[in-house]
Amino acid sequence: MNVFIIYLEKIKQIVLNDKSFNKIVKNKNLSNIILEKPPENFDYDLSCNIALILGKQNNLSPRDLAEKIKKLIIQNDNFSQIDIAGPGFLNIKISKKAWIKNIQNILKNKNKYGSNVSRRKYNIEFVSANPTGPLHVGHCRGAVFGDVISNLLIFNGNKVTKEFYVNDYGNQINIFTESVFHRLKEIKLKVPFPSNKGLYPGSYIIDIANKIIKINPDIKLDNLKKIEKKLSKEAIKHSMNLIKLDLKHLGIKHDNFFYETEIVKKNLIKKCLMILKKDKLVIEGYLQPPKGENQKNWKSIKKLIFKSTSFGDDNDRSLQKDDGSWTYFANDLAYHSHKVKRNYDNLINILGADHTGYIKRITAAVKAISKNKIKLTCKVCQLVKLYKNGQPFKMSKRLGDFISVNDLLKEVDKDSIRFMMLNRGNESELEFDFSKVLEKNKDNPVFYVQYCYARINSLFKTLKINLYKDISFNIEDFKPNDFENKLIRKIIEWPKVIDIASTKLEPHRITFYLYDLSTIFHSYWSQGNKNEELKFIIDGKMNSKMSFKIFQLISIILQNGMSILGVSLPKKM
RNA sequence: GCGCCCUUAGCUCAGUUGGAUAGAGCAUCGGUUUUCUAAACCGAGGGUCGUAGGUUCGAAUCCUUCAGGGCGCGCCA
């Protein structure tokens with residue numbers, strides 16, 4: 001129930017159905033007509049640009065046209081006042097009767113308020129960290145981002161599969177296994193861990209080695225080759241447990257873990273390539289040598305090539321290395337063809353900033369595999385810079401250069417991390433000073449929003465009535481003051497925020513909105529200090545039904561919003 | 001060399017398909033508490049929306065140029 005959409009449709013209908021209006025206005029492309037919130041300094045509920053758009057299309061004066069439209073739509077009982085401003089904007093007030101209807105609707109919708117019903121099937125792949133160690137802060141942003149987008153899509157009624165692609169194959173895994181092997185030798189045979197072989201130095205490798213010894217006390221360490229497969233599997237299992245534990249602490253649970261080795265085992269690449277070869281999108285050939293500097297080592301070798309330039313990529317991409325083995329991209333191509341076969345309406349990948357260059361080729365791949373039927377949307381999360389008391393935070397006990405999620409969780413709670421990770425657009429770098437988040441004041445947006453809810457609960461508790469009590473409310477009770485006006489106008493924006501956040505996959509709009517809503521509430525709350533009449537409770541009784549009705553609406557939004565964000569909302573603080 | 005992202009107040013950032021006088025928070029300065037929770041609120045100052053052009057009734061938003069910062073890139077995953 002997005003009133004901006006509902007009323008815009010009403011306005012369009014009224015205008016289109018009027019005969020005399022149709023005589024003057026011939027050209028009617030209505031697509032750019034919008035109904036929105038007027039700027040702060042205008043005391044109206046809605047603003048419409050219809051006269052500007054139609055005036056331009058028909059070469060008519062927008063202000064004259066606005067006069068005509070005003071006369072038509074003022075007859076509708078949803079609107080009580082319409083005025084023309086500036087170049088021809090229609091500024092509109094919603095009638096009392098319509099307001100009451102809207103308010104009752106929100107109370108009725110309750111935990112569905114804001115939801116824009118959609119019934120699609122989504123697959124969202126996020127985190128997909130290499131299974132070679134615990135998560136670091138960079139993963140954390142994408143993890144929260146992906147999880148909240150999932151919640152958002154689910155809130156709108158979609159089916160969502162949260163997926164983690166486990167890259168348990170390839171060079172990185174070999175190095176990882178070798179690292180564990182040398183840690184085992186260090187522990188059991190006192191052979192010093194080699195520091196110059198490019199192995200993983202992190203101390204978590206020692207933990208993994210210890211766990212392996214516990215389970216296999218008699219493990220033979222004379223030859224890595226002999227035990228490599230088994231050891232690798234075992235080590236990855238422990239490593240994935242670390243990752244899953246980190247995710248759990250962040251409140252994240254994936255529905256599906258898809259292992260790269262499955263692709264290799266089931267020979268998915270060959271099956272997938274057969275189709276693409278038929279369409280001549282995979283061919284045998286030679287790649288152009290790269291432009292720029294490093295041309296010296298270029299060897300021209302015949303190999304399988306994916307024609308990703310046909311779909312807007314900068315280069316065609318090789319599916320084979322010089323030795324004939326598959327590239328990472330080849331496996332990923334097969335993986336995405338597997339996703340396509342699973343019949344999703346939309347695929348979403350959440351990537352770190354370091355994978356930006358990969359987007360074109362993988363979206364090209366999905367287009368090719370699905371014959372342009374399924375869209376893959378890639379969203380990138382930029383870097384996170386950690387600060388403590390304004391100073392860059394560096395603490396690298398476990399991961400060498402990276403700060404682990406585990407380290408971060410020792411400093412800050414899950415709620416703060418989740419909220420703060422979304423307190424920026426995903427394409428901006430994020431500075432996260434977690435000393436701020438430990439404070440209980442306005443510096444800390446998480447607290448500020450939570451406190452709003454706690455205050456509302458405290459009001460209802462003081463009156464000894466339930467937060468959801470059905471407060472009788474008639475047209476005489478609808479007399480909003482300035483603060484209440486601001487609040488109800490903000491409240492009807494909520495479905496629009498959800499709409500934009502989910503169509504653009506930008507969940508930060510929710511955190512910003514909730515903060516703004518809380519600001520108006522806190523401001524209203526404090527008015528009672530100066531002005532007795534603005535106190536919410538006088539002599540133990542509700543001062544106005546209007547305000548308490550609004551508090552119920554606010555708490556509904558806070559609950560819906562925070563549950564999408566996955567942040568707790570205590571009744572008492 | 002190429003691709004993507006960013007550039008808005010002293011700092012950190014918002015700003016749906018182009019809309020009205022560009023908004024928050026922090027910081028700075030000044031004020032508010034015998035209270036329904038001051039864990040809060042109110043007020044003030046602060047801007048050439050990186051640069052230069054273009055498109056039009058109208059541009060932070062779209063197109064082009066240049067500059068600065070970040071990330072990535074060739075058969076690593």
Side-chain angles (χ1 to χ4, degrees), chain A residues 31-32 34 36 38-42 47 49 52-53 55-56 61-62 85-89 91 128 130 132 167 169-173 175 260 287-295 297-299 301 303 313-315 317-323 325-329 331-332 352-360 380 382-383 390 423-431 433 436 439-445 447-448 450-451 454-455 458-459 461-463 496-497 499-501 503-504 506 508-509 511-512 515-516 519 522-530 532 535-538 540 543 572-573:
Chain A
S31 57
N32 285 327
I34 52 169
E36 61 185 348
E40 282 291 317
N41 45 331
F42 288 85
S47 169
N49 65 348
L52 293 169
I53 301 285
K56 188 178 186 177
S61 148
F89 288 103
N91 288 325
S128 296
N130 276 337
T132 52
N167 303 127
Y169 186 81
N171 240 337
Q172 297 299 324
I173 292 297
I175 296 169
E260 190 175 0
L287 275 177
Q288 291 295 312
K291 295 161 203 155
E293 299 127 41
N294 299 327
Q295 296 194 18
N297 305 333
W298 182 257
K299 279 183 265 174
I301 292 176
K303 53 185 62 157
D313 196 3
D314 313 314
N315 292 305
R317 303 294 172 177
S318 173
L319 297 168
Q320 286 173 305
K321 301 180 195 172
D322 282 353
D323 64 3
S325 64
W326 298 117
T327 58
Y328 172 80
F329 176 59
N331 281 340
D332 211 17
D354 51 342
H355 287 81
T356 317
Y358 196 70
I359 293 176
K360 278 187 181 173
V380 170
Q382 292 295 330
L383 300 178
N423 210 25
R424 288 281 172 273
N426 57 292
E427 307 245 283
S428 295
E429 287 188 3
L430 184 141
E431 289 195 7
D433 189 329
K436 296 256 188 228
E439 295 171 13
K440 300 206 161 176
N441 58 34
K442 212 182 169 180
D443 274 13
N444 176 358
F447 166 80
Y448 192 71
Q450 286 174 329
Y451 189 43
R455 278 184 153 176
S458 128
L459 290 172
K461 206 182 158 196
T462 307
L463 289 181
K496 206 172 174 175
V497 171
D499 185 24
I500 296 170
T503 51
K504 299 189 75 168
E506 290 180 351
H508 71 280
R509 289 166 187 276
T511 53
F512 279 92
Y515 187 86
D516 287 347
T519 302
H522 286 307
S523 170
Y524 189 15
W525 171 286
S526 298
Q527 295 308 309
N529 288 338
K530 292 178 204 157
E532 283 286 317
K535 288 197 171 181
F536 301 149
I537 296 174
I538 294 176
N543 186 11
K572 202 177 154 188
M573 295 180 76

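Throughout, protein chains are lettered first and strands after them, A, B, ... in sequence-line order, and every chain is numbered starting at 1. Not measured: the values here are computed from a predicted model. All values below were derived from every heavy atom in this structure, side-chain atoms included, with hydrogens, water molecules and symmetry-related copies excluded.
Among rA38(B), rU21(B), rA39(B), the nucleotide with an atom closest to any side-chain atom of Trp525(A) is rA38(B). Side chain of Lys321(A), nearest nucleotide from rC75(B), rA20(B), rA14(B): rC75(B). Candidate nucleotides rC41(B), rA20(B), rC5(B) were compared by shortest atom distance to the side chain of Tyr448(A), and rC41(B) ranks first. Nearest to the side-chain atoms of Asn167(A) among the listed nucleotides rG15(B), rA77(B), rC36(B) stands rA77(B). Comparing rC76(B), rC71(B), rU37(B) by their closest approach to the side chain of Ala353(A) singles out rC71(B). The Leu287(A) side chain lies nearest to rC75(B) when the options are rC75(B), rU35(B), rA20(B). Between rA20(B), rC71(B), rU12(B), one nucleotide has an atom nearer to the side chain of Glu431(A) than all others, and that is rU12(B). Comparing rC36(B), rA20(B), rC5(B) by their nearest atom to the side chain of Phe42(A) picks out rA20(B). Closest to the side chain of Leu52(A), out of rG19(B), rC76(B), rA40(B), is rG19(B). Side-chain atoms of Tyr451(A) lie closest to rA39(B) of the nucleotides rA39(B), rC76(B), rU12(B).
For Asn171(A), the side chain to side chain contact (heavy atoms under 4.5 Å, CB included) test picks out Asn174(A), with sequence neighbours left out.
Taking the six-membered ring where the residue is Trp, the centroids of Tyr524(A) and Phe536(A) are separated by under 6.0 Å.
The C1' atoms of rA22(B) and rU28(B) are separated by 22 Å, rounded to the nearest whole Å. For rA9(B) and rC49(B), the C1' atoms lie 10 Å apart once the distance is rounded to whole Å.
Here the side chain of Asn543(A) pairs no donor or acceptor atom with the backbone of Ile537(A) at under 3.5 angstrom. No donor-acceptor pair under 3.5 Å is formed between the side chain of Ser47(A) and the backbone N or O of Glu36(A). The main-chain N or O of Val380(A) is found under 3.5 Å from a side-chain atom of Asn426(A) such that the two form a donor-acceptor pair.
In terms of phosphate contacts, Thr356(A) brings no side-chain nitrogen or oxygen within less than 4.0 Å of OP1 or OP2 of rG70(B). Side-chain N/O atoms of Ser318(A) include none lying less than 4.0 angstrom from OP1 or OP2 on rG74(B). The shortest distance between the side-chain N/O atoms of Arg317(A) and the OP1/OP2 oxygens of rC73(B) is not below 4.0 Å. For rG74(B), neither phosphate oxygen OP1 nor OP2 lies less than 4.0 angstrom from any side-chain nitrogen or oxygen of Tyr358(A). A sub-4.0 Å separation between OP1 or OP2 of rC4(B) and a side-chain N or O of His355(A) is absent. At the phosphate of rU37(B), OP1 or OP2 sits under 4.0 Å from a side-chain N or O atom of Ser458(A).
Heavy atoms only, all atoms of each residue included: Gln382(A) and Ser428(A) are closest at CB-O, 3.5 Å. The heavy-atom pair separating Ile538(A) from Glu532(A) by the smallest distance is CD1-O, 3.8 Å.
In this pair, Tyr358(A) and Phe329(A) present their aromatic rings perpendicular. The plane angle is above 60°, beyond the 30 to 60° band.
In this structure, rC71(B) and rG3(B) make a Watson-Crick or G-U wobble pair, each of the two defining distances being under 3.5 angstrom. The pairing partner recorded for rC41(B) is rG31(B), the criterion being a Watson-Crick or G-U wobble arrangement whose two distances lie under 3.5 angstrom. In this structure, rU17(B) forms no base pair with any nucleotide, since neither Watson-Crick nor G-U wobble geometry is met with both distances under 3.5 Å.
On a pure distance criterion of 3.5 Å, no polar donor-acceptor pair joins the side chain of Asp354(A) and the base of rA77(B). In terms of polar N and O atoms assigned as donor or acceptor, the side chain of Lys56(A) never comes within less than 3.5 Å of the base of rU56(B) in a complementary pairing.
Residues Lys303(A) and Gly357(A) each lie close to RNA chain B; by heavy-atom proximity, the contact nearer the 5' end of the strand is made by Gly357(A). If you find the closest nucleotide of RNA chain B to Arg509(A) and to Asp516(A), the one lying nearer the 5' end belongs to Arg509(A).
In this structure, Asn91(A) reaches the bases: a heavy-atom distance under 4.0 Å links it to at least one base atom across the strands shown. Across all strands, Asn41(A) comes closer than 4.0 Å to base atoms (heavy-atom distances).
For Asn130(A) and Thr132(A), the side-chain atoms include no donor-acceptor pair closer than 3.5 Å.
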**OP:** Summarise protein proximity over nucleotides 25-33 of chain B in one line of letters, 5' to 3': B for base, S for sugar-phosphate only, - for none, counting protein heavy atoms closer than 4.0 Å.
**Re:** SS-------
